[in-house]
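Report on one structure; see the data block that follows.
Every chain is numbered from 1, with letters handed out A, B, ... down the list of sequences. Values in this document were obtained by computation on a predicted structure and should not be read as measured data.
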There are 2 protein chains.
Amino acid sequence: MSQDGGGIDLETSLGYLLKEASSALRQAMEAVLRPLGMTVTHYSCLELLAQRPGLSNSELARGAFVTRQSMNVLLQTLERDGYVTRPATAPVGKVLPTRLTPRGRRSLAKATAAVRSVEVRMLGGMTQAEQSSAFTSLQSMIHSLRDDAAGG
Amino acid sequence: MSQDGGGIDLETSLGYLLKEASSALRQAMEAVLRPLGMTVTHYSCLELLAQRPGLSNSELARGAFVTRQSMNVLLQTLERDGYVTRPATAPVGKVLPTRLTPRGRRSLAKATAAVRSVEVRMLGGMTQAEQSSAFTSLQSMIHSLRDDAAGG
DNA sequence: TGACTCATGTCAATATTCTGACATAGATTA
DNA sequence: TAATCTATGTCAGAATATTGACATGAGTCA
């Protein structure tokens with residue numbers, strides 16, 4: 001309709017569609033993770049640690065797209081429940097490198113399978129070429145948005 | 001690296017990239033909306049009402065990707081502050097059609113301009129063809145994820 | 001008409017995340 | 001060395017969103 005000068009047409013807005021897709025993905029992940037007693041952030045943290053052992057609280061926070069305060073709360077729970085371990089004192093600086101315990105690894109294995117099924121489903125209707133171009137497009141969007149200068 | 005049988009390689013995962021892009025967009029929107037004293041959900045609600053006057057609480061919730069309970073709290077605040085109006089009694093059923101007040105429209109105008117600048121920036125590095133294919137890809141992902149059957 | 005199902009609006013309690021703040025450790029610079 | 005800047009871990013309070021629950025109204029079906 002009359003998008004010019006008016007509002008942002010949500011029907012054709014790529015930003016809105018991006019949010020819609022992200023929301024659908026999150027909901028699908030929550031659905032398969034819930035039976036495992038795991039939240040998305042919880043899973044993200046474990047998956048990050050599996051791929052990059054020794055990540056710090058702040059690095060995990062950035063990787064899971066939450067604040068370091070939120071990640072800190074999560075890590076304390078995960079540590080208490082025996083999914084991860086952190087040294088009592090920092091080897092260097094204030095950074096506490098975190099690692100998965102065997103229990104954490106076991107827990108992650110089930111979650112990864114569940115999440116993989118979601119991703120496979122999401123990619124189901126796309127050709128390899130489409131996936132490839134979607135990848136490039138998303139990277140482009142991220143790059144443009146990261147060029148600080150908020151006010152323009 | 002060794003993604004087979006192991007974890008989900010976050011470096012090459014389209015799902016992770018989707019979350020990354022969505023997070024970057026949200027952060028950029030928060031940055032430009034904050035000076036206006038508005039949150040993203042707050043803005044989304046107003047924008048939805050501008051395009052589809054008379055939307056109900058539940059419909060607004062779905063459009064803004066929050067629960068109807070969360071939207072209800074927001075609407076009560078917006079109504080109290082004079083940005084929207086709702087009839088005291090439902091014209092039909094329990095549905096209360098919500099509408100923007102002149103004040104709500106004024107407030108939205110500034111926000112829309114700010115958000116538009118973010119979307120323009122996001123699209124800056126993409127050709128028209130890329131935007132078009134990104135749109136199709138995102139729609140495909142949403143469609144695949146919406147095909148319920150969570151567990152497979 | 002009556003029973004059933006579904007969607008809605010709303011209240012309450014809980015959970016999650018964020019903002020603000022502080023002390024500390026390393027790097028940078030003079 | 002000393003001052004400054006940046007990044008980190010963490011505590012506390014506030015904002016935000018969610019789950020759970022209930023009553024109500026509309027639609028369906030017998």
Worksheet item: Looking just at side-chain N and O atoms, do Glu79(B) and Tyr83(B) make a donor-acceptor pair shorter than 3.5 Å?
Response: no
Practice prompt. Flag yes if more than 12 heavy atoms outside Arg52(B) fall under 6.0 Å of its CZ atom; otherwise flag no.
Written response: no
Worksheet item: Do Glu130(A) and Thr136(B) have side-chain atoms, one donor and one acceptor, less than 3.5 Å apart?
Response: no
Worksheet item: Under the 3.5 angstrom rule, does the side chain of Arg116(B) hit a backbone N or O of Ala111(B) as a donor-acceptor pair?
Response: no
Discussion item. Distance check needed: dA27(C) C1' versus Lys94(A) NZ, whole Å only.
Written reply: 16 Å
Worksheet item: 5' to 3' on DNA chain D, which nucleotides open and close the contacts with chain B (atom under 4.0 Å from a heavy atom)?
Response: dT16(D) to dA26(D)
Practice prompt. With the side chain of Asn72(B) defined as its heavy atoms from C-beta on, choose the nearest nucleotide among dT10(C), dA23(C), dC18(C).
Written response: dT10(C)
Practice prompt. Specify the separation, in whole Å, of atom CD of Gln69(B) and atom C1' of dC11(C).
Written response: 10 Å
Fill in: dG9(C) base / Gln76(B) side chain donor-acceptor hit below 3.5 Å
no
List, one per line, each side-chain donor-acceptor pair under 3.5 Å for residues 56-69 of chain A, sequence neighbours excluded.
unit_1	atom_1	unit_2	atom_2	d
Ser56(A)	OG	Glu59(A)	N	3.2
Ser56(A)	OG	Glu59(A)	OE1	3.2
Asn57(A)	OD1	Asn72(A)	N	3.3
Asn57(A)	ND2	Arg68(A)	O	3.3
Glu59(A)	OE1	Ser56(A)	N	2.9
Thr67(A)	OG1	Ser70(A)	N	3.2
Thr67(A)	OG1	Ser70(A)	OG	3.1

Discussion item. Looking only at side-chain N and O atoms, does Tyr16(A) offer a donor or acceptor that is under 3.5 Å from a partner on Glu20(A)?
Written reply: no
Worksheet, complete the sentence: Result for 5'-nearest mapping on DNA chain D, choosing between Arg62(A) and Arg34(A), is Arg62(A)
Worksheet item: Just by modelled atom types, is the Ser140(A) backbone N or O under 3.5 Å from a matching donor or acceptor in the Ser144(A) side chain?
Response: yes
Discussion item. Check the phosphate of dC18(C) against Ser70(A), side-chain N and O only, distance under 4.0 Å to OP1 or OP2. Yes or no?
Written reply: yes
Worksheet item: Any luck finding a side-chain donor-acceptor pair between Glu30(B) and Thr39(B) under 3.5 Å?
Response: no
Practice prompt. Give one of base, sugar-phosphate or nothing for Leu74(B), where a contact means two heavy atoms less than 4.0 Å apart.
Written response: nothing
Item to complete: Check every atom of dT17(C), dA21(C), dA12(C) against the side chain of Thr41(A) and return the nucleotide holding the closest atom.
Response: dT17(C)
Item to complete: Mind running a 4.0 Å heavy-atom check of residues 48-61 of chain B against DNA chain D and sending the residues that fall below it, in number order?
Response: none
